[in-house]
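If you scroll down you'll find the structure; I have some questions about it.
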Amino acid sequence: MTDVVQPRIARGLRDLLPEQMIARQKMIETIRRVYELYGFVPLQTPAVEYLDGLLGSAAGDEASKSIFAVVNPDSNNTSERLGLRFDLTVPLARVIASHPELPTPFRRYQVAPVWRADKPGPGRFREFTQFDLDSVGVESEVADTEILAGMCDTLSALDVGPYKVKFSSRAVLDLLLEFAGIEGRRGPDVFRVLDKLPKIGAEKVRKELTTGYVDESGDPIKGLELSTGQVDLIERFLEIRPDDRRQTIAQLRELFAAVDAAAAQIDVVERISNHLYALGYADDRLALDLSIARGLAYYTGPVFEAELLDAPQFGSVFGGGRYDGLVERFLGRKIPATGASMGVDRLLAALDALGRLDHRKSTANVLVTVLDRSLMDDYVAITFALRRAGIAAELYLSDERIGKQLRYADACDIPVSLLLGSDEHAAGKVTLKDMRMGKARAEKVEDRSEWLEERVEQRQVAREDLVDAVAHMLSVIERRTENG
RNA sequence: GCCGGCGUAGCUCAGUGGCUUAGAGCACCUGACUGUGGAUCAGGGGGUCAUGGGUUCGAUUCCCAUCGCCGGUGCCA
């Protein structure tokens, strides 16, 4: 006996089985269609990047902790260390810096896995797929507008139910620092606390901004030691409601009337809002919400976020913003860029929880069953006739009992089964069976002879008409499914 | 990362420091009922009791470590 190896999978990683992959690929295809409609082009980059490129100059130990390092057998030189990418934005910045010949504006989409060695949780894994949409080389707020519109159109196309796309501006938050008399370098700390507002509430945010507190588990939470006067000013900012973009902007202008340069930054936000009104993105699904800060330090202008109103527990399914400084790391000069990233896995988990996910386990629409091995030539011919007519068909590859073959079709959720035995063969016909209708009937029927004899879900058609008949049955099934 | 809880069949869970071969329900497989998924009936397979050490005459059960899962908390560039 040889020793078997345990079929293990590392922490936070998983296999995606056919049932998951079918739903996932359908979703990705829908998103891709939206992005290509916007004229974005595809890009692929390696999973592995140099660690210095991933980390950047400003990154500390904490940042590097969640990067998976990769062993490079070619080199033991520590400056050549490799790691798995943790997002798609940093690789994009590297591509931009190393391909000056690319036409600008360069607008690309990329769907690919990324890796973060974070603690796994529900809907949260260490390998997950991001679907990014970025626009590089344009300073104009029209580029930001387009990203926000793309987020809305994507969520609409995915039929996720009601959603809210929110935006704010890092530049406006910087105005807040000036307004409250807080040093610019403390901005990231302050914003990180403000970002927790929906989670921990105003009371704790206030404490964390000032003296700190001890939470329920006894952990001390360090305060930022702001003065109460500063916190009062911050609270006046947070009181601005996000329900109506025009009103939000008017209140913002009033609050920051005394701040130099405020008017120019608020103008940018207002232009974005007005473009979006003009395009039909009203307040019901697109809000100027000043409380979103995003944890990411590299954002420099507008920031974006989206959540599903029916599944708020899954948090933000889309996030992004303008990052005019990121390419500079690789190029030494600034290139404006803006974009958003969708969490494919999180969105799939949310849709599944909402019961909006299709759980097909097969790509075939027809199962050609094998009743009589001597008719195998016919079965093969029928299967390929369907395939050549563009109908996905699967041939059962052995002649096991018909009951077992139909159970297989049922288990895989193949909507139509095709039967051809000696009776049909003699009559020049085939039997088509609508599996879902049969399943619905099975739930009601009590008596076996009734179950076997009625068979309203199936009918015989002439052998030469079978391709048309299958296409017709599939269209009837599809229409019935759409109508609930 | 830190704190707490949990790991027994594919799933949900019983159970016991020594009666022999560790159980149930569901699921799965085989057969009966015409060549039809369901129901019914008859049968069947499947567990290193998470892994590795330790205590013991004896450990699935007690102890330790590791791994994994769940909850809370931190972090999320």
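The basis for the numbers below is simple: all heavy atoms, side chains too, and nothing from hydrogens, waters or symmetry mates. Model, not experiment: these values are computed from the prediction. All chains are named by letter (A, B, ...) in the order of the sequence lines, taking the proteins before the strands, and each is independently numbered beginning at 1.
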Legend entry - Side chain of A:Arg455 (C-beta onward), nearest among B:rC76, B:rG38, B:rU36: B:rU36
Legend entry - C1' gap between B:rC62 and B:rG71, integer Å: 26 Å
Inset, instruction - Could you state the atom-to-atom distance from NZ of A:Lys439 to P of B:rA39 in whole Å? - result: 10 Å
Inset, instruction - Would you mind reading off the distance between A:Leu452 atom CG and B:rA39 atom C1', rounded to a whole angstrom? - result: 11 Å
Inset, instruction - Quickly work out the A:Asp118 CG to B:rU73 P distance and round it to whole Å. - result: 16 Å
Inset, instruction - Using heavy atoms to find the nearest nucleotide of RNA chain B for A:Glu208 and A:Lys433 separately, return the residue whose nucleotide is more 5′. - result: A:Lys433
Inset, instruction - Just call it for A:Asp87: base, sugar-phosphate, or nothing, with non-hydrogen atoms closer than 4.0 Å on any strand. - result: nothing
Inset, instruction - Would you kindly give the CD-to-C1' distance between A:Glu453 and B:rG35, to the nearest whole Å? - result: 13 Å
Legend entry - A:Arg126 charged N/C atom sitting above A:Phe68 aromatic ring, 6.0 Å / 45°: no
Inset, instruction - May I ask you to test the A:Leu286-A:Cys152 pair for a side-chain heavy-atom distance under 4.5 Å? - result: yes
Inset, instruction - Taking the side chain as every heavy atom from C-beta outward, state whether A:Phe167 and A:Val303 have any atom pair closer than 4.5 Å. - result: no
Legend entry - Between A:Tyr35 and A:Phe131, ring centroids under 6.0 Å: yes
Distances for protein N or O near nucleotides 29-33 of chain B N or O, under 3.5 Å:
unit_1: B:rU30; atom_1: OP1; unit_2: A:Lys404; atom_2: NZ; d: 3.4
unit_1: B:rG31; atom_1: OP2; unit_2: A:Arg401; atom_2: NH1; d: 2.8
unit_1: B:rC33; atom_1: O2; unit_2: A:Arg448; atom_2: NE; d: 2.8

Inset, instruction - Round to the nearest Å and state the distance from A:Leu54 atom CG to B:rC76 atom C1'. - result: 15 Å
Legend entry - Intra- and interstrand pairs of RNA chain B - dot-bracket, Watson-Crick/G-U under 3.5 Å, | marks other strand: (((((((..((((....[....)))).(((((.......))))).....(((((..]....))))))))))))....
Legend entry - Any side-chain heavy-atom pair of A:Met473 and A:Asp434 under 4.5 Å: yes
Legend entry - Any A:Trp451 side-chain nitrogen or oxygen under 4.0 Å from OP1 or OP2 of B:rA39: no
Legend entry - B:rU61 and B:rG15, which share atom name C1', separated by this distance in whole Å: 10 Å
Inset, instruction - Calculate the interatomic distance between A:Glu424 atom CD and B:rU34 atom C1'; express it in whole Å. - result: 14 Å
Inset, instruction - Please tell me which of the listed nucleotides, B:rU36, B:rU73, B:rC75, lies nearest to the side chain of A:Lys119? - result: B:rU73
Inset, instruction - Would you mind reading off the distance between A:Arg441 atom CZ and B:rA39 atom C1', rounded to a whole angstrom? - result: 12 Å
Legend entry - Side chain to side chain, A:Asp289 and A:Lys164, heavy atoms closer than 4.5 Å: no
Inset, instruction - Would you mind classifying the nucleic acid contact of A:Asp434 as base, sugar-phosphate or nothing, using non-hydrogen atoms under 4.0 angstrom? - result: base
Legend entry - Side-chain-base donor-acceptor pair under 3.5 Å for A:Gln458 and B:rU36: yes
Inset, instruction - Answer with yes or no whether A:Glu443 presents, from its side chain, a donor or acceptor under 3.5 Å of a partner atom in the base of B:rG37. - result: no
Inset, instruction - State which residue, out of A:Lys439, A:Arg436, A:Arg441, fulfils the salt bridge (Lys or Arg N to Asp or Glu O under 4.0 Å) condition with A:Glu457. - result: A:Arg441
Legend entry - Beyond-backbone contact of A:Pro18 with A:Arg360, side-chain heavy atoms, under 4.5 angstrom: no
Inset, instruction - Taking atom C1' in both B:rA50 and B:rG68, compute the distance separating them and give it to the nearest angstrom. - result: 8 Å
Legend entry - Of the listed nucleotides B:rG35, B:rU36, B:rG74, the one nearest the side chain of A:Ser422: B:rG35
Inset, instruction - Indicate whether any N or O donor in one side chain lies under 3.5 Å from an N or O acceptor in the other, for A:Gln265 and A:Ser169. - result: no
Inset, instruction - Look at the side chain of A:Ile402 and decide which nucleotide, out of B:rC75, B:rC2, B:rU36, has an atom nearest to it. - result: B:rU36
Legend entry - Inter-nucleotide P distance (B:rG4, B:rA9), Å rounded: 27 Å
Legend entry - Span that lies between the P atom of B:rA14 and that of B:rU21, in whole angstrom: 25 Å
Inset, instruction - Under 4.0 Å between any heavy atoms, over every strand shown, what does A:Tyr408 touch: base, sugar-phosphate, or nothing? Just pick one. - result: nothing
Inset, instruction - Look up atom CD in A:Glu235 and atom CG in A:Leu209, then write down how far apart they are to the nearest 0.5 Å. - result: 8.0 Å
Legend entry - Options B:rC75, B:rC2, B:rU34, nucleotide nearest the side-chain atoms of A:Arg124: B:rC75
Legend entry - Interatomic distance at P, B:rG37 relative to B:rC28, whole Å: 14 Å
Legend entry - Spacing between A:Lys444 atom NZ and B:rA39 atom P, to the nearest angstrom: 16 Å
Using nucleotides 66-69 of chain B, report all nitrogen or oxygen pairs with the protein that are shorter than 3.5 Å.
unit_1: B:rC69; atom_1: OP2; unit_2: A:Arg11; atom_2: NH1; d: 3.3

Legend entry - Close side-chain approach of A:Val138 to A:Thr338, heavy-atom, < 4.5 Å: no
Legend entry - A:Arg407/A:Asp410 ion pair, N-O < 4.0 Å: no
Inset, instruction - In whole angstrom, give me the gap between the C1' atoms of B:rA27 and B:rC13. - result: 14 Å
Legend entry - Interatomic distance at C1', B:rU8 relative to B:rU51, whole Å: 15 Å
Legend entry - Modelled atom types, side-chain donor and acceptor of A:Asp372 and A:Ser422, under 3.5 Å: no
Inset, instruction - Check the side chains of A:Thr431 and A:Gln458 for a donor-acceptor pair under 3.5 angstrom, ignoring hydrogens and angles. - result: no
